Number of protein chains: 4
Amino acid sequence: MDGFQRRKEQKKRNILDAATALFMTYGIQKVSISEIAKEANVSQVTIYNYFENKHTLIHEVFIYYVDKALSDFEQVVHSDISFPEKLKQIIFTKREVAQQIHEEFYHYLMKEYSKEGNYIDKIYEEKTIPIFTKLFQEGMEQGYVDPTLSQEAILFYIQMLKDYIQKEEIYKKILPLTEEITSIFFYGIVGKKENE
Amino acid sequence: MDGFQRRKEQKKRNILDAATALFMTYGIQKVSISEIAKEANVSQVTIYNYFENKHTLIHEVFIYYVDKALSDFEQVVHSDISFPEKLKQIIFTKREVAQQIHEEFYHYLMKEYSKEGNYIDKIYEEKTIPIFTKLFQEGMEQGYVDPTLSQEAILFYIQMLKDYIQKEEIYKKILPLTEEITSIFFYGIVGKKENE
Amino acid sequence: MDGFQRRKEQKKRNILDAATALFMTYGIQKVSISEIAKEANVSQVTIYNYFENKHTLIHEVFIYYVDKALSDFEQVVHSDISFPEKLKQIIFTKREVAQQIHEEFYHYLMKEYSKEGNYIDKIYEEKTIPIFTKLFQEGMEQGYVDPTLSQEAILFYIQMLKDYIQKEEIYKKILPLTEEITSIFFYGIVGKKENE
Amino acid sequence: MDGFQRRKEQKKRNILDAATALFMTYGIQKVSISEIAKEANVSQVTIYNYFENKHTLIHEVFIYYVDKALSDFEQVVHSDISFPEKLKQIIFTKREVAQQIHEEFYHYLMKEYSKEGNYIDKIYEEKTIPIFTKLFQEGMEQGYVDPTLSQEAILFYIQMLKDYIQKEEIYKKILPLTEEITSIFFYGIVGKKENE
DNA sequence: AATGAATGAGGGTTCATTCAT
DNA sequence: GATGAATGAACCCTCATTCAT
């Protein structure tokens, strides 16, 4: 990649960064192309030179985000910490990219783009699931996971926790409850029997 | 209430219903007043005769929804079924009003209306929490709830489950997992020890 | 006129009064039928029962106002005070009806209604001019009016003073200048020669 | 200023001219943005690209007009004609810009914009008054102005004449009276004493 | 490649007026 | 005769997108 190409890529990334930041703060519909242009210090038309239309821009922002999240996830799973600690990190770790990703973002994409490729599902099935499977195997061997539970049900739970905690207003409230929530996740509301 | 009043109320409800349905399907911002008018078979201006502006309309739809949800909740808690069954219903029962309430709906209101009274918080604190407290007392007495857990943590869990399951695309996927999810909720992913 | 008629007339007058007050305070275009209705404590449609449309309503308000002004004017001219005092009163007396008549009112009528009858011109020529003529005759005989001046020019001057002083923001400013303005009116900016 | 800038300025002026013309003929409220756009041969949105909103547009039209009037005024005062001739021109000269400025224009601005800087008052005090003062000094030295009169009173008179003559329907009527009006302005309705 | 300028389509809102009781 | 309810037309304004340089 020569200097020209590099500068071009840099500009594209500038736009993506500006768009990502704005989308995450204000949601998708509230952010206009002109605002993104201003934030990225380019003209509106320049955005159109790099991205076919707003649709496409959103799509690429999305991919950018998903990839980043995936790589974070892999890093944690392959790290050298205990199984419970891994789960804790997966659930509570906020991706830097998406510090406060607006839900609308997720929904918008789910609704508008489900037809065209469903990048996220592909990534999920091809990359995320295998990693999870490996993780759970580890968990079962160490006695942390009930082997009668389906992997789907557990994934649902993890996904739910992650999503919910993403919500800005929730995150603040539950920070002091981290330990308890982890405990409920492992032992349920009935609680751990002490005599075990 | 005479015939006049009744017809008026009926029309207002028509508009509220149309708006609710559209908001829940497409989100708030995507739905225009003119679409609501078309759906409700009235002119745009008629909507303005009943509601000051879009803001107000959204607000009233919101109240309509919250009240309905509360009344459903109360009914379940006071019903004559077992504690686990109650929790199951609370978590999985979809309010008819809000079959598939769009998250944006919640967020929009949280953001835009937080200043003016915060109706939902008031309802939550004054009505919902006391009912929950009573319910958990019941649960503890019957050994279903770990007494070392804070009520907040448990509420967080329930709220999270309810919210998450509200999501349309999630609901479909997890219907077959209902039993398992309930089990994880009670006993965690470590699972119930059979010798208990 | 029986009681029925009288009540009807009363209601019409209520509407006219409300409209007049609002027009004079806010101008014509800024005042909506619904505001007039509210101010007069009737329904919008009631206004349409008495006046064909907004046009007509404005027209009638106008006539109401002109008649009142004319009668005030006549009273001053026929009163028992000196000529200069009469002029002073004509110029500086604010009609109660039109304490602060909005200019737009005048202009709107001049523009929109000039075709249809020109009530004001008729009144002016048939009633006002003769009275003025009589007044000036009086002034000339007493040496207050230069006989070489045309009556039109003097009328212009008087009209101008009256109109200008009507303006709310002007009126306040020139109150302390009343004497001087009268003096200029009589003796011009060159001033009265003291040795006369 | 390059070609780009110049064309932009030109277009902005086109819009200002169209707006000015329409405002002066029909008043401010009656003129819609779409009418201005049509008159200026641009799209509505183009107007919004140059002016933030209707408010701003009106404001700029206003400044355009005031500046033009001021410059005309200065030119007359500094010109090489007699004192009476100067006054005559000041009073009767219609600025080309504002051939028939609608009063509503003036009022609207006085009401709506009085808060924000009061451009006209500033101009008036800083520029107009000093020039007037100089002019009157000249008039007094030549015996045209009664030195016992306050400058305020005279200014009031001049302002009144100018304003009143601005009115379209008045202007036509008094054109043949120009000489007489000037005479009254200088010598009052009592008239000039011939033996002076 | 990059931009300033321009726009069609659509959004929320208001108003004078009519309909139906 | 009086009213509450309803509306078509118009208004100000925003946005994603294209044109022209």
Side-chain angles (χ1 to χ4, degrees), chain A residues 4-5 7-8 11-12 29-37 41-58, chain B residues 2-5 7-8 10-12 15 29-37 40-58, chain C residues 4 7-8 11-12 29-37 41-58, chain D residues 2-5 7-8 10-12 15 29-37 40-57:
Chain A
F4 201 54
Q5 274 294 324
R7 250 204 331 282
K8 188 173 162 177
K11 195 157 238 173
K12 187 167 180 177
Q29 303 201 58
K30 283 254 179 185
V31 175
S32 70
I33 293 287
S34 102
E35 280 170 311
I36 298 171
N41 275 320
V42 294
S43 114
Q44 292 192 47
V45 188
T46 300
I47 294 180
Y48 281 89
N49 288 337
Y50 287 99
F51 308 92
E52 208 169 338
N53 48 29
K54 200 182 181 184
H55 226 64
T56 312
L57 171 58
I58 293 165
Chain B
D2 60 11
F4 244 166
Q5 275 294 324
R7 245 201 336 282
K8 185 173 170 176
Q10 183 52 46
K11 190 150 249 169
K12 187 167 182 178
I15 295 171
Q29 303 202 58
K30 281 257 179 185
V31 175
S32 72
I33 294 286
S34 100
E35 281 171 310
I36 298 171
N41 274 320
V42 294
S43 118
Q44 282 197 50
V45 186
T46 298
I47 294 181
Y48 282 91
N49 286 339
Y50 286 97
F51 307 92
E52 209 169 335
N53 47 31
K54 200 183 180 184
H55 226 64
T56 312
L57 171 57
I58 293 166
Chain C
F4 201 53
R7 249 205 329 282
K8 188 174 163 177
K11 195 157 239 171
K12 186 167 181 177
Q29 302 201 58
K30 283 253 180 185
V31 175
S32 71
I33 293 286
S34 102
E35 281 170 311
I36 298 171
N41 275 321
V42 294
S43 114
Q44 292 192 47
V45 187
T46 300
I47 294 181
Y48 281 89
N49 288 337
Y50 286 100
F51 309 91
E52 207 169 338
N53 47 30
K54 199 183 181 184
H55 227 64
T56 312
L57 171 57
I58 293 165
Chain D
D2 60 12
F4 243 166
Q5 275 294 325
R7 245 202 335 282
K8 186 172 169 176
Q10 183 51 46
K11 190 149 248 169
K12 187 167 181 178
I15 295 171
Q29 303 201 59
K30 281 258 178 184
V31 175
S32 72
I33 294 286
S34 100
E35 280 171 310
I36 298 171
N41 273 322
V42 293
S43 118
Q44 282 196 51
V45 185
T46 298
I47 293 180
Y48 282 92
N49 286 339
Y50 286 98
F51 308 92
E52 209 168 336
N53 48 31
K54 199 183 180 184
H55 226 63
T56 312
L57 173 57

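Given the structure is predicted, the values throughout are model-derived calculations rather than measurements. Chain letters run A, B, ... following the sequence lines, proteins first, then strands; residues in each count from 1.
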- Task: Please lay out, stage by stage, how D/Ile33 and D/Tyr48 fare under the test side-chain contact (heavy atoms from CB on, under 4.5 Å).
- Result: CA-CA 9 Å; D/Ile33 294 286; D/Tyr48 282 92; 3.7 Å; yes
- Nearest-Å distance for atom pair CG/P, residues B/Asn41 and F/dA6: 12 Å
- Taking for D/Ser43 and for C/Val31 the nucleotide of DNA chain E with the nearest heavy atom, the one nearer the 5' end belongs to D/Ser43
- Query: E/dA5 P sits how many Å from D/Tyr48 OH, rounded?
  - Reply: 19 Å
- Between B/Ile15 and B/Ala40 the two heavy atoms that sit nearest each other are CA-CB, 4.1 Å
- Message: Below the 4.0 Å mark, does E/dA2 have OP1 or OP2 next to a side-chain nitrogen or oxygen of A/Lys11?
- Response: yes
- Once you round it to whole Å, what is the distance between P of F/dT18 and CD1 of A/Ile47? 14 Å
- Item | Donor-acceptor pair between A/Asn53 and A/Thr56 side chains, under 3.5 angstrom | yes
- Rounded to whole angstrom units, what separation is found between the CD atom of B/Glu35 and the P atom of E/dG11? 6 Å
- Residue whose nearest DNA chain F nucleotide is more 5′ - A/Asn53 or C/Gln44: C/Gln44
- Message: From CD of D/Gln29 over to P of E/dT14, roughly how many Å is that when rounded to an integer?
- Response: 15 Å
- Message: Pick the closest DNA chain E nucleotide for D/Val42 and for B/Glu52 by heavy atoms, then say which residue is nearer the 5' end.
- Response: D/Val42
- Message: Apply side-chain contact (heavy atoms from CB on, under 4.5 Å) to residues B/Val42 and B/Ile36 and explain how you reach the verdict.
- Response: CA-CA 9 Å; B/Val42 294; B/Ile36 298 171; over 6 Å; no
- Send over the distance from D/Lys54 NZ to E/dT13 C1', rounded to a whole Å. 15 Å
- Message: Ignoring hydrogens, what is the shortest heavy-atom contact between D/Gln44 and D/Ser34? Give both atom names and the distance.
- Response: NE2-CB, 3.4 Å
- Can you tell which of F/dA6, E/dA6, F/dC11 lies closest to the side chain of D/Ser32? F/dC11
- At under 4.0 Å, does any side-chain N or O of A/Thr46 touch on OP1 or OP2 of E/dT3? yes
- Message: Among E/dT3, F/dC13, E/dC15, which nucleotide has an atom closest to any side-chain atom of A/Val45?
- Response: E/dT3
- Query: Taking OP1 and OP2 of F/dA2, is either one under 4.0 Å from a side-chain nitrogen or oxygen of C/Tyr50?
  - Reply: yes
- Taking a pair to mean Watson-Crick or G-U wobble geometry with both distances below 3.5 Å, E/dT3 pairs with F/dA20
- Write down the distance between CD1 (A/Ile33) and C1' (E/dT3), rounded to a whole number of angstrom. 16 Å
- D/Asn49 side-chain proximity, nearest of E/dT17, F/dC12, E/dA6: E/dA6
- Task: Measure the distance from CG on C/Leu57 to P on E/dT17 and round it to the nearest whole Å.
- Result: 10 Å
